[in-house]
Structures are given as structure tokens and as C-alpha cells.
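Here is the structure we will look at, set down as C-alpha cells.
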Amino acid sequence: MKGFLLVISGPTAAGKGTIVKEILKKRDDIVTSISVTTRYQRENEVDGVDYFFKTQEEFDELIETNKLLEHAVVHGNLYGTPLAFVEKSINEGKVVILEIDVQGASQVRENYDNGVFVFMLPPKKSDIETRLRHRNTESEDMIQTRLRNAEVELAQIRYYDYYLINDYIDSATERLEEIIDEELEKRRK
Ligand code: 5GP
């Protein structure tokens with residue numbers, strides 16, 4: 001049986017990355033795609049683990065040679081999903097998680113008919129700003145950009161199959177696992 005794509009979007013600092021890391025620890029039938037980006041590398045990030053960090057020229061080359069499944073400008077930087085890894089993993093029967101923004105998700109929705117779309121959000125709207133500031137990785141300008149974009153992202157929630165409230169890491173991870181199992185079960189029938 002082939003695997004499927006599980007797209008997770010949601011406003012900045014919704015905790016998508018944390019939940020994805022947790023689920024990867026628990027399951028070997030789930031993998032996550034590592035995106036390419038032109039964003040600056042944060043101090044705690046490792047090239048090839050968190051992202052493949054690229055120059056604008058390198059990124060353009062990937063677009064021109066059709067190496068990306070989708071790509072978008074998010075908060076002023078380019079982000080994209082490498083196609084080869086996704087294809088290989090799906091053929092191996094894996095569930096492939098894409099943690100991507102709403103524009104990328106819409107491209108996946110158009111080009112791929114077997115995706116599952118999950119929108120993750122914190123319990124309270126004000127948590128977005130609190131978490132973003134607490135993370136201490138962005139300049140004030142970038143915090144403002146990300147907060148504005150959060151509104152744009154939230155307006156797209158209706159296109160998603162599942163909503164996932166990230167209240168506690170354990171329960172949100174369990175809920176995501178349930179969603180994946182439900183979808184695997186549907187595909188087995
Ligand atoms: P961050 O800079 O905080 O790591 O990510 C910013 C946003 O970019 C997040 O909302 C994340 O989902 C999105 N993003 C990360 N990788 C990709 C990608 O490959 N494609 C798209 N379209 N968005 C991405």
C-alpha cells in the first residue's frame with residue numbers, strides 16, 4: 001500500500017514543529033520532509049536537519065528544474081518541499097508529514113489528490129504572540145510580520161480536514177496519531 005501526504009499548517013508558534021518531532025519519535029511509518037529555505041539559519045538550527053538552507057540562486061535553480069513539490073514566500077523568505085524525498089517515501093508506504101504554510105498547502109491540494117490536511121492552532125489567540133515572544137528567535141519587525149500573517153493563515157482554516165488544538169504536547173500528539181491511524185484505516189478498506 002502506498003503512503004500519503006499529511007499536511008500540517010497553522011499560525012506561527014502554534015507548536016507544529018514540537019508535535020511533529022514527538023510523533024516521529026513514536027512511529028517509524030511516519031517521516032517528515034525537510035524543506036529548503038532562503039531564511040537565515042537560527043542559532044539552534046542544523047543545516048540538513050531543520051532545513052536545507054539555500055541562497056536565492058540555489059532556490060531559483062530548484063524551481064526551474066522542477067525539484068520542488070510546492071514553494072511559497074512566507075514571512076518574506078522562500079520555502080519549498082523537495083519532490084524526490086516525498087515520492088520515494090510515499091512509494092515505500094510511509095506517511096509523509098509536510099509542515100508548510102497555507103499557500104503551499106493549497107498547491108498540494110491542487111496537485112495531489114490523496115492528501116490529509118490538518119490545521120493546528122494554540123488554545124487561545126493571544127498564545128500566538130506569547131509563544132512567539134517567548135521563543136526569542138525573531139526581531140520585533142519579524143514578530144509583527146508573523147502576527148499579521150497569522151490572521152491570513154487563520155482565515156484559511158475552512159479548507160482543512162482536521163483542526164488540532166495544541167494545548168498539551170502529549171494530548172495533541174496523541175490526537176495527531178489518531179488522525180493518522182484513522183486515515184490509514186480508510187486507505188486499507
Ligand atoms: P519558520 O521560519 O518559523 O521555520 O517557518 C515559517 C513558516 O514557513 C511556517 O508556517 C512553516 O509551516 C512554513 N514552511 C516551512 N517549510 C515550508 C515549505 O517547504 N513550504 C511552505 N509553503 N511553507 C513552509
Side-chain angles (χ1 to χ4, degrees), residues 5-21 23-24 31-56 58-63 66-87 89-90 96-112 115-122 125 127-157 159-160 162-164 166 172 176:
L5 278 180
L6 183 96
V7 173
I8 304 182
S9 307
T12 190
K16 294 167 296 216
T18 309
I19 303 301
V20 171
K21 279 198 189 104
I23 207 154
L24 293 179
V31 293
T32 187
S33 157
I34 301 171
S35 298
V36 286
T37 184
T38 59
R39 163 163 82 54
Y40 76 96
Q41 186 174 350
R42 291 179 191 146
E43 241 171 51
N44 60 342
E45 287 179 329
V46 179
D47 191 17
V49 174
D50 298 290
Y51 283 104
F52 295 106
F53 294 95
K54 301 283 179 198
T55 62
Q56 175 80 46
E58 288 168 337
F59 202 104
D60 290 344
E61 167 88 17
L62 292 173
I63 299 174
N66 294 320
K67 299 273 172 30
L68 301 180
L69 170 69
E70 59 73 38
H71 67 276
V73 175
V74 188
H75 317 313
N77 293 298
L78 277 159
Y79 295 80
T81 304
L83 181 59
F85 174 82
V86 168
E87 282 182 335
S89 306
I90 298 265
V96 184
I97 298 186
L98 305 185
E99 192 205 317
I100 61 177
D101 88 311
V102 293
Q103 308 166 74
S106 131
Q107 292 172 39
V108 174
R109 215 177 273 116
E110 272 166 32
N111 299 326
Y112 178 82
V116 176
F117 295 83
V118 176
F119 197 94
M120 193 184 294
L121 63 178
K125 196 172 171 190
D127 290 342
I128 297 175
E129 181 163 0
T130 313
R131 289 185 188 188
L132 190 53
R133 291 194 182 277
H134 187 73
R135 206 165 70 179
N136 217 6
T137 53
E138 315 298 328
S139 65
E140 184 58 32
D141 262 10
M142 190 46 111
I143 289 176
Q144 295 306 327
T145 304
R146 284 177 180 250
L147 289 176
R148 270 195 308 278
N149 288 346
E151 297 291 336
V152 176
E153 298 247 323
L154 286 166
Q156 301 288 314
I157 194 167
Y159 299 116
Y160 286 73
Y162 295 92
Y163 311 141
L164 180 61
N166 184 10
L176 184 62

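Just so you know, ligand 1 is whichever comes first in the structure, and atom 1 is the first atom listed for that ligand.
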Please identify which atoms of ligand 1 are closer than 4.0 Å to at least one heavy atom of [X].
X: Gly104; answer: 22 (N)
X: Thr81; answer: 19 (O)
X: Asp101; answer: 12 (O), 13 (C), 21 (C), 22 (N), 23 (N), 24 (C)
X: Ala72; answer: 22 (N)

Indicate yes or no: does Glu151 engage Lys125 in a salt bridge with an N to O separation below 4.0 Å.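 Counted as a salt bridge, because a side-chain N and a carboxylate O are separated by less than 4.0 Å.
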Between Arg146 and Glu129 (salt bridge meaning N to carboxylate O under 4.0 Å), is one present in this structure?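 No, Arg146 and Glu129 are not salt-bridged.
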Where does [X] meet ligand 1, judged by heavy-atom distances below 4.0 Å: at the side chain, the backbone, both, or neither?
X: Arg39; answer: side chain
X: Gln107; answer: neither
X: Lys16; answer: side chain
X: Arg42; answer: side chain

Measuring from non-hydrogen atoms of His71 to any atom of ligand 1, is the shortest distance under 4.0 Å?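 For ligand 1, residue contact (heavy atoms, under 4.0 Å) with His71 is absent.
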Under 4.0 Å, counting heavy atoms only: does Val74 come that close to any atom of ligand 1?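 Right, Val74 reaches ligand 1.
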Side-chain touch [X]/[Y], heavy atoms, less than 4.5 angstrom:
X: Tyr79; Y: Ile100; answer: no
X: Leu121; Y: Leu154; answer: yes
X: Gln144; Y: Glu138; answer: no
X: Phe59; Y: Leu68; answer: yes
X: Tyr162; Y: Val116; answer: yes
X: Tyr112; Y: Leu5; answer: yes

Can you confirm whether the side chains of Gln56 and Thr38 place a donor and an acceptor under 3.5 Å from each other?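 Judged by distance alone, the side chains do not pair up.
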Which protein non-hydrogen atom lies closest to [atom], naming both residue and atom, and how far is it?
atom: atom 20 (N) of ligand 1; answer: Glu70 OE2, 2.8 Å
atom: atom 3 (O) of ligand 1; answer: Arg146 NH1, 2.8 Å
atom: atom 11 (C) of ligand 1; answer: Glu99 O, 3.9 Å
atom: atom 4 (O) of ligand 1; answer: Tyr51 OH, 2.5 Å
atom: atom 6 (C) of ligand 1; answer: Tyr79 OH, 3.6 Å

Any side-chain to backbone donor/acceptor pair from Ser106 onto Val102? Under 3.5 Å, distance only.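 It does not hold such a pair.
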Taking Asp47 for its side chain and Phe53 for its backbone only, find out whether a donor-acceptor pair lies under 3.5 Å.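 Such a contact is found between Asp47 side chain and Phe53 backbone.
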I want to confirm something. Looking only at heavy atoms, which of Ile100, Asp50, Leu132 is nearest to atom 21 (C) of ligand 1?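 Among Ile100, Asp50, Leu132, the closest heavy atom to atom 21 (C) of ligand 1 belongs to Ile100.
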Polar contact flag for Ser35 and ligand 1 (N/O pairs, less than 3.5 Å):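 Yes, there is a polar N/O contact under 3.5 Å.
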Does any N or O atom in Gly80 lie less than 3.5 angstrom from one in ligand 1, N or O only?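 Yes - when backbone and side-chain N and O of Gly80 are compared with those of ligand 1, one distance drops under 3.5 Å.
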